[in-house]
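We're numbering straight along the sequence, starting at 1.
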Amino acid sequence: MNDWLPPKPLLLIATLSFTAGIALTLTLQRLTTTPKRQSHRRRGSIDEDGDNDWRYETYSRRSSFVPIALQNLLSTSSIPTLSSLPTILAHDKEDIKNGLEGCIGNTPLVRIRSLSEYLGCEVLAKAEFLNPGGSPKDRVALSIILKAEEEGRLRPFSGDKVFEGTVGSTGVSLAHICRARGYLAHICMPSDQSLEKSSLLLKLGAVVERVTPASIVDKNQFVNLAKARATELTNSPDTTARGFFADQFENEANWKTHFETTGPEIYRQCGKQLDAFVAGAGTGGTISGVVMYLKQYLPNLAAVLADPQGSGLLNKVKYGVMFNEMTEREGTRRRAQVDSIVEGIGINRVTANFEAGRTLIDDAVRVTDEEACLMARYLVEQDGLFVGSSSAVNCVAVIKFVKERGWQNSNKRIVTILCDSGSRHLSKFWAKIGDVGGKWDTTIDQILDVSANH
């Protein structure tokens with residue numbers, strides 16, 4: 001007697017049901033354990049807003065189907081049909097970065113709750129400290145090195161060295177990226193900068209020269225020394241290695257990378273809606289590049305320079321003359337560097353990168369060391385944000401600018417930059433601030449009172 005077999009239609013249905021069950025189980029398991037995926041774009045591609053994407057940029061693509069499917073499963077126990085499974089699987093793609101370089105950029109734009117609530121408008125910050133090298137200088141360092149490679153001025157794993165004069169952050173970014181791409185970094189920096197930066201550089205395998213602060217006209221000034229060291233290596237008869245001077249202050253790859261990446265990211269993340277951009281300037285590349293991009297689409301945007309005490313850039317923006325009222329009141333300078341504990345922004349000369357966007361900067365706000373220290377403490381107490389000195393200066397400038405414009409309790413949206421973490425400023429900036437402890441006793445009114453007394 002033949003064994004009984006189910007009719008073919010029933011067998012087919014059972015097989016399909018079993019297959020669908022396995023596929024659905026595996027899919028849901030991956031959906032609930034895999035982070036959001038991102039789609040990659042190559043250099044030169046055009047996104048839906050018509051913006052040119054950068055070579056290493058990646059943009060998140062959220063799937064509206066997946067949350068709905070999961071919600072339906074949880075609430076009604078309904079099961080997606082077999083035909084919907086390819087749709088779910090299509091959004092579950094690999095997301096692998098191309099080395100350290102692939103992690104640079106596309107940093108989050110975050111709302112600073114405490115400042116937004118106090119001012120009654122939206123204060124957003126581009127969290128550049130989340131770049132792998134800890135600052136927006138990652139973008140600059142990578143752009144400069146890639147350009148040098150394209151021009152044949154740098155050859156990976158050939159013994160070539162990258163030289164730079166920097167107060168720290170650009171040096172750290174260069175040290176990271178040089179190692180990733182087969183070079184060594186040689187960093188010249190002023191001896192009055194925080195020890196954390198030089199220590200980190202050494203751990204990253206860079207050569208560090210800490211030199212006495214000097215005027216830009218002095219051949220031993222840290223930038224001039226870096227340039228000289230690069231020339232010495234290139235001209236040495238004892239090696240075929242080349243020395244490349246990164247020249248972050250004058251190299252236009254600086255502002256261009258912010259025009260190509262930071263500006264478009266901010267514009268997209270804001271949904272094309274923002275009223276002001278506030279940022280400090282050291283080399284000037286960030287504020288120039290971002291403002292040059294944004295003002296193409298937002299001509300009424302207010303571009304504001306945040307300038308620390310001792311810097312001459314505020315007077316250059318407001319009055320067209322480079323003059324530091326603190327150190328040049330008697331016609332001479334007490335010291336070569338900006339008279340401030342703030343690092344990374346503030347300068348007493350106009351660089352090519354700053355000049356590129358200077359005429360588009362509408363206003364400038366002065367911030368003192370004391371105001372910056374109080375703001376850094378306030379951001380820890382209220383928002384858990386542990387930032388460095390330049391980030392604190394930017395946030396103080398936001399408050400002053402909003403109040404000067406009368407934008408309180410409005411629907412205005414202001415964007416600024418959180419440049420780096422406070423962990424790079426422990427021995428200098430944060431040493432002056434001290435421990436926060438378990439207190440919530442710093443107020444914005446206190447910060448503004450300090451401002452009123454100056």
Side-chain angles (χ1 to χ4, degrees), residues 42-44 52 54-57 98-105 131-133 135-189 201 204-209 211 216 219-262 282-286 288-289 351-356:
R42 291 192 229 165
R43 182 185 185 188
N52 288 319
W54 193 39
R55 67 193 77 190
Y56 290 107
E57 235 173 352
N98 183 24
L100 177 76
E101 305 96 314
C103 301
I104 296 172
N131 277 303
S135 81
K137 297 301 184 180
D138 279 10
R139 301 175 188 261
V140 177
L142 179 59
S143 180
I144 288 174
I145 289 176
L146 290 175
K147 181 183 177 184
E149 289 177 349
E150 290 172 0
E151 295 173 349
R153 301 171 69 187
L154 279 175
R155 304 158 300 172
F157 301 101
S158 65
D160 289 355
K161 291 183 180 180
V162 177
F163 293 80
E164 182 60 295
T166 169
V167 297
S169 290
T170 302
V172 172
S173 295
L174 282 171
H176 274 286
I177 296 166
C178 281
R179 281 295 180 173
R181 300 191 70 81
Y183 311 105
L184 292 177
H186 185 120
I187 306 301
C188 299
M189 63 188 303
L201 286 167
L204 289 170
V207 175
V208 180
E209 279 192 74
V211 300
I216 188 64
K219 67 178 182 179
N220 291 318
Q221 192 262 0
F222 67 102
V223 176
N224 296 334
L225 185 61
K227 184 177 182 180
R229 293 281 189 256
T231 302
E232 288 172 8
L233 178 62
T234 300
N235 295 337
S236 174
D238 301 325
T239 179
T240 58
R242 299 173 186 170
F244 172 72
F245 176 47
D247 197 15
Q248 61 165 327
F249 290 91
E250 310 301 327
N251 193 326
E252 289 195 337
N254 184 339
W255 73 258
K256 287 179 179 178
T257 194
H258 291 293
F259 180 88
E260 295 169 357
T261 66
T262 318
T283 64
T286 301
S288 287
T351 67
N353 282 287
F354 184 75
E355 189 62 26

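- With salt bridges taken as basic N to acidic carboxylate O contacts below 4.0 Å, none links E260 and R139.
- Considering T286, T283, T351, D247 in turn, T283 is the only one that fulfils the side-chain hydrogen bond (donor to acceptor under 3.5 Å, both in side chains) rule with N254.
- When all heavy atoms of G205 and R179 are compared, the pair lying nearest together is O-NH2, 3.5 Å.
- The CG atom of L225 sits 10.0 Å away from the CZ atom of F245 when rounded to the nearest 0.5 Å.
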Chi angles and distances behind the side-chain contact (heavy atoms from CB on, under 4.5 Å) call for K256, K147: CA-CA 11 Å; K256 287 179 179 178; K147 181 183 177 184; 5.6 Å; no
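- From H176, atom NE2 reaches atom CG of L100 across 7.0 Å, with rounding to the nearest 0.5 Å.
- To the nearest 0.5 Å, atom CZ of residue R181 and atom CG of residue L146 are 5.0 Å apart.
- Note that NZ of K227 is 15.0 Å distant from NZ of K219, once rounded to the nearest 0.5 Å.
- When all heavy atoms of E164 and A226 are compared, the closest pair comes out as C-CB, 3.4 Å.
- Side-chain contact between L184 and V207 is absent, with no heavy atoms from C-beta onward closer than 4.5 Å.
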Test log, rule side-chain contact (heavy atoms from CB on, under 4.5 Å), inputs I177 and V162: CA-CA 10 Å; I177 296 166; V162 177; over 6 Å; no
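- The nearest pair of heavy atoms linking P136 to N131 is CA-ND2, 4.0 Å.
- Nearest heavy atom pair, residue N224 against residue I216, reads ND2-O, 2.7 Å.
- Partners of E209 under the side chain to side chain donor-acceptor pair (under 3.5 Å) rule, at least two apart in sequence or in another chain, are H186, R229.
- Taken from CG in L174 to NZ in K161, the straight-line distance is 14.5 Å, to the nearest 0.5 Å.
- For the pair W255 and S288, the tightest heavy-atom approach, listed with the atom from each and the gap, is CB-CB, 4.3 Å.
- Each of V211, L201, V167 was evaluated against M189; a single residue qualifies, L201, per the side chain to side chain contact (heavy atoms under 4.5 Å, CB included) test.
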Test log, rule side-chain contact (heavy atoms from CB on, under 4.5 Å), inputs I144 and F244: CA-CA 10 Å; I144 288 174; F244 172 72; 3.7 Å; yes
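- Here OG of S143 is found 7.5 Å from CG of N251. Values are rounded to the nearest 0.5 Å.
- With contacts defined as side-chain heavy-atom distances shorter than 4.5 Å, the pair V140/S173 does not qualify.
- Proximity of a side-chain donor or acceptor of D138 to a complementary backbone N or O of G105 within less than 3.5 Å is not detected.
- Counting all heavy atoms, side chain and backbone alike, A175 lies closest to A206 at CB-CB, 4.2 Å.
- Not counting sequence neighbours, Y183 has no partner by the ring-ring contact (aromatic ring centres under 6.0 Å, His included) test.
- At distances below 3.5 Å, at least one donor-acceptor pair connects side-chain atoms of Q221 with backbone N or O atoms of V223.
- For R155, the side chain to side chain donor-acceptor pair (under 3.5 Å) test picks out D160, with sequence neighbours left out.
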